[in-house]
A.B. asks: 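Have a look at the structure that comes next, please.
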Amino acid sequence: MHIPDGFLSPQTYLPAYAAAGLAWAWAARGLRRTLDEETVPRLAAMTALAYGLGLVMVPIPGGTSGHALGVAMLALLFGVRLAFLAYSLVLALQSLLFGAGGITALAVNALAMGLCGSLAALLTYRLLRRMNETAAVAIAAWCSVLLPGLLVALALGAQPSIAHREDGTPLFFPFGFAITLPAVVIPHLFIGAGEAVLTVLVWRFARARKWCSA
């Protein structure tokens, strides 16, 4: 669901960068105390897995692409702050090295997937884990894909109203919510199911080795 360059107006991505800058500063607080000799290699391995998952992209209508995120497993294993920072790095590298997503859209992508995806996963897991832990992990992973998909669809669908010529012709992304919402959200309902299965497998592996922080 990477948004590429040229799809978002400056009225969208400049405020998003301001918000993301504050979020990155918050996430980086106390980072040295958080990262130790055990956490760093685990975080690196999971970040590399998320990086690989994000490169397996399937183009979908609505101006974006569908792919698994891996952000839920990062959030459940390391918390929201580290997950947000790690996934922001993933998005930056994918954009610079492979053209997956854009630099102008990096802040929107990072806030939608890295921050909101992590928060959705962790809050859902904590809400449901007393009923059934495996189900809680699966639903958390599903939500971590669906919510970012919805946010990306909203960001794209708002562009014709945000930036247009006097005659109403859109200057950037041309399709409104009627196109972006079903085109982006519906495929991610199914992508989220695959994410849920993968996250449960990783979670069980990590729990067996006592890697989890959630």
A.B. asks: Name all residues meeting the side-chain contact (heavy atoms from CB on, under 4.5 Å) criterion together with T104; count only those two or more places apart in sequence or in a different chain, and write none if there are none.
C.D. replies: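 Once residues adjacent in sequence are excluded, the partners of T104 under the side-chain contact (heavy atoms from CB on, under 4.5 Å) criterion are D5, Y13.
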A.B. asks: Hey, what else clusters with L127 if you join Ile, Leu, Val, Met, Phe, Trp, Tyr whenever side-chain heavy atoms sit under 4.5 Å?
C.D. replies: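 Besides L127, the cluster holds L128, M131, I139.
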A.B. asks: Would you say that Y51 contacts L97 through its side chain, given a criterion of any heavy-atom pair below 4.5 Å between the two side chains?
C.D. replies: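 SC-SC contact between Y51 and L97 confirmed.
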A.B. asks: Among all residues two or more places apart in sequence or in another chain, which pass the side-chain contact (heavy atoms from CB on, under 4.5 Å) test with R165?
C.D. replies: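 D167, T169, L171.
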A.B. asks: Measure the shortest side-chain to side-chain distance between L85 and L89 over non-hydrogen atoms and say whether it is less than 4.5 angstrom.
C.D. replies: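 A side-chain contact is absent here, since even the closest heavy-atom pair is not under 4.5 Å.
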A.B. asks: In the structure I gave you, are the side-chain heavy atoms of V71 and M113 within less than 4.5 Å of one another anywhere?
C.D. replies: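 Heavy-atom side-chain distance check fails, nothing below 4.5 Å.
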A.B. asks: What is the minimum heavy-atom distance between G102 and N109, and which atoms define it?
C.D. replies: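 Nearest heavy atoms, G102 then N109: N-ND2, 4.4 Å.
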A.B. asks: Check whether any side-chain heavy atom of T180 lies under 4.5 Å from a side-chain heavy atom of V185, and answer yes or no.
C.D. replies: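 Answer no - side chains too far apart.
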A.B. asks: Restricting to pairs with a member in residues 21-30, which pass side chain to side chain donor-acceptor pair (under 3.5 Å), not counting sequence neighbours?
C.D. replies: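 Of all non-adjacent pairs touching residues 21-30, those that pass side chain to side chain donor-acceptor pair (under 3.5 Å) are W24-S88.
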A.B. asks: With distance as the sole test, does T12 use its side chain to make a donor-acceptor pair with the main-chain N or O of L8 at under 3.5 Å?
C.D. replies: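 Not confirmed, T12 side chain does not pair with L8 backbone.
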A.B. asks: Strictly distance-based, threshold 3.5 Å: is any side-chain N or O of Q159 a donor or acceptor partner for the main-chain N or O of S9?
C.D. replies: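 Yes; at least one donor-acceptor contact below 3.5 Å.
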A.B. asks: Over all heavy atoms of both residues, which pair between G101 and S95 is shortest? Give the atoms and the distance, please.
C.D. replies: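 Where G101 meets S95 most closely, the heavy atoms are O-OG, 3.2 Å.
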A.B. asks: Output yes when a side-chain donor or acceptor of E195 lies under 3.5 Å from a complementary backbone atom of S144, and no otherwise.
C.D. replies: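 Side chain of E195 to backbone of S144: no pair is present.
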A.B. asks: So L111 and L151, do their side chains get closer than 4.5 Å, heavy atoms only?
C.D. replies: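 Heavy-atom side-chain distance check fails, nothing below 4.5 Å.
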A.B. asks: Shortest non-hydrogen contact from V184 to A153?
C.D. replies: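 Scanning both residues, the minimum pair turns out to be CB-CB, 3.9 Å.
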A.B. asks: Determine whether R42 and F78 make a side-chain contact, defined as any pair of heavy atoms from C-beta on separated by less than 4.5 Å.
C.D. replies: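 A side-chain contact exists here, since the closest heavy-atom pair is under 4.5 Å.
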A.B. asks: Kindly give the heavy-atom pair with the smallest separation between L115 and F84, and that separation in Å.
C.D. replies: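 Looking at all heavy atoms of both residues, the shortest contact is N-CD1, 3.4 Å.
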A.B. asks: For residues 132-152, which residue pairs qualify under salt bridge (charged side-chain N to carboxylate O under 4.0 Å, His left out), counting only residues two or more places apart or in two chains?
C.D. replies: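 For residues 132-152, and leaving out neighbouring residues, the salt bridge (charged side-chain N to carboxylate O under 4.0 Å, His left out) pairs sorted by first residue read E133-R207.
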A.B. asks: Quick one, R204 and V137 - any side-chain contact, counting heavy atoms below 4.5 Å?
C.D. replies: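 They are not in side-chain contact.
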A.B. asks: Do W142 and F190 make the cut of ring centroids closer than 6.0 angstrom?
C.D. replies: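 Ring centres of F190 and W142 not closer than 6.0 Å.
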A.B. asks: When Ile, Leu, Val, Met, Phe, Trp and Tyr are grouped by side-chain heavy atoms lying under 4.5 Å apart, directly or through other members, which residues fall in the same group as L22?
C.D. replies: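 Members other than L22 - counting any ILVMFWY side chain reachable under 4.5 Å - there are none.
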A.B. asks: So, do I103 and L96 sit near enough that their side-chain heavy atoms are less than 4.5 Å apart?
C.D. replies: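 Yes; the side chains approach each other to less than 4.5 Å.
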